Amino acid sequence: MTNHILDRLYDILQERKNADPDSSYVAKLYQDGTGKCAQKFGEEAVETVIEAMKIESGDKLARAAFSEEAADAVFHLLVLCAKLEIEPDLIWAVLEKRFGQTGIRSGPVHH
């Protein structure tokens with residue numbers, strides 16, 4: 001892994017798997033299962049969208065709130081990845097593969 005903040009965070013999230021759920025928020029999420037990890041990511045993603053819409057409508061305070069919610073969404077996405085043993089490098093590789101592609105695909109998109 002690199003020294004990028006997201007990679008360092010993922011390493012810490014992996015370590016939290018051995019932490020006490022009574023003293024670690026992340027360990028508690030892991031204990032509660034994949035569904036709870038996914039739910040938290042979804043909640044943060046929705047909150048990020050709400051703040052984006054506030055920015056679009058001219059709310060000057062929403063920019064800071066958007067940054068906070070976006071950070072929460074990324075954090076919880078990485079928690080979900082760690083829970084599922086999905087290395088961030090797999091995601092980075094997909095992004096790298098897509099980098100430089102332009103246009104709109106015709107036909108169904110397979111995920």
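Nothing here was measured: the structure is a model prediction, and the numbers come from that model.
The nearest pair of heavy atoms linking Glu51 to Ala65 is OE1-CB, 3.3 Å. Of all heavy-atom pairs spanning Ser24 and Ala19, the tightest one is CB-CB, 3.8 Å. The minimum heavy-atom distance between Lys40 and Leu29, with the atom names listed, is CG-CD2, 3.7 Å. Taking both residues in full, the closest heavy atoms of Pro21 and Gln31 are given as CB-OE1, 3.5 Å, listed atom of the first, atom of the second, then distance. The heavy-atom pair separating Leu13 from Tyr30 by the smallest distance is O-OH, 2.9 Å. Of all heavy-atom pairs between Glu44 and Asp72, the closest is OE1-CB, 3.2 Å.
Interatomic distance, CD1 of Ile12 versus NZ of Lys17, reported as 14.0 Å (0.5 Å rounding). The CG atom of Leu61 lies 10.5 Å from the CD1 atom of Ile55; values are rounded to the nearest 0.5 Å. We find the CZ-CG distance between Phe41 and Leu77 to be 4.5 Å, quoted to the nearest 0.5 Å. Note that CG of Asp89 and CG of Leu6 are 11.0 Å apart. Values are rounded to the nearest 0.5 Å.
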Output, in order, the C-alpha distance, side-chain angles, deciding distance and verdict of side chain to side chain contact (heavy atoms under 4.5 Å, CB included) for Glu87 and Trp92.
CA-CA 9 Å; Glu87 294 279 335; Trp92 311 156; over 6 Å; no

Could you go step by step and tell me if Phe75 and Val26 meet the side chain to side chain contact (heavy atoms under 4.5 Å, CB included) rule?
CA-CA 10 Å; Phe75 174 85; Val26 172; 3.6 Å; yes

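Looking only at side-chain heavy atoms (C-beta outward), Ile50 and Val46 come within less than 4.5 Å of each other. For the pair Glu85 and Gln14, the minimum side-chain heavy-atom distance is below 4.5 Å. The side-chain heavy atoms of Ile91 and Cys81, taken from C-beta on, include a pair separated by under 4.5 Å. Within the 4.5 Å cutoff, no side-chain heavy atoms of Ile86 are placed close to those of Leu80. Residues Leu95 and Phe99 fail the side-chain proximity criterion, which asks for heavy atoms closer than 4.5 Å.
Taking the six-membered ring for Trp and thresholds of 30 and 60 degrees, Tyr25 and His76 have ring planes more than 60 degrees apart, a perpendicular arrangement.
No donor-acceptor distance shorter than 3.5 angstrom exists from the side chain of Lys83 to the backbone of Ala38, with no hydrogens or angles considered.
More than 12 heavy atoms of other residues, nucleotides or ligands sit less than 6.0 Å from atom CD of Glu43.
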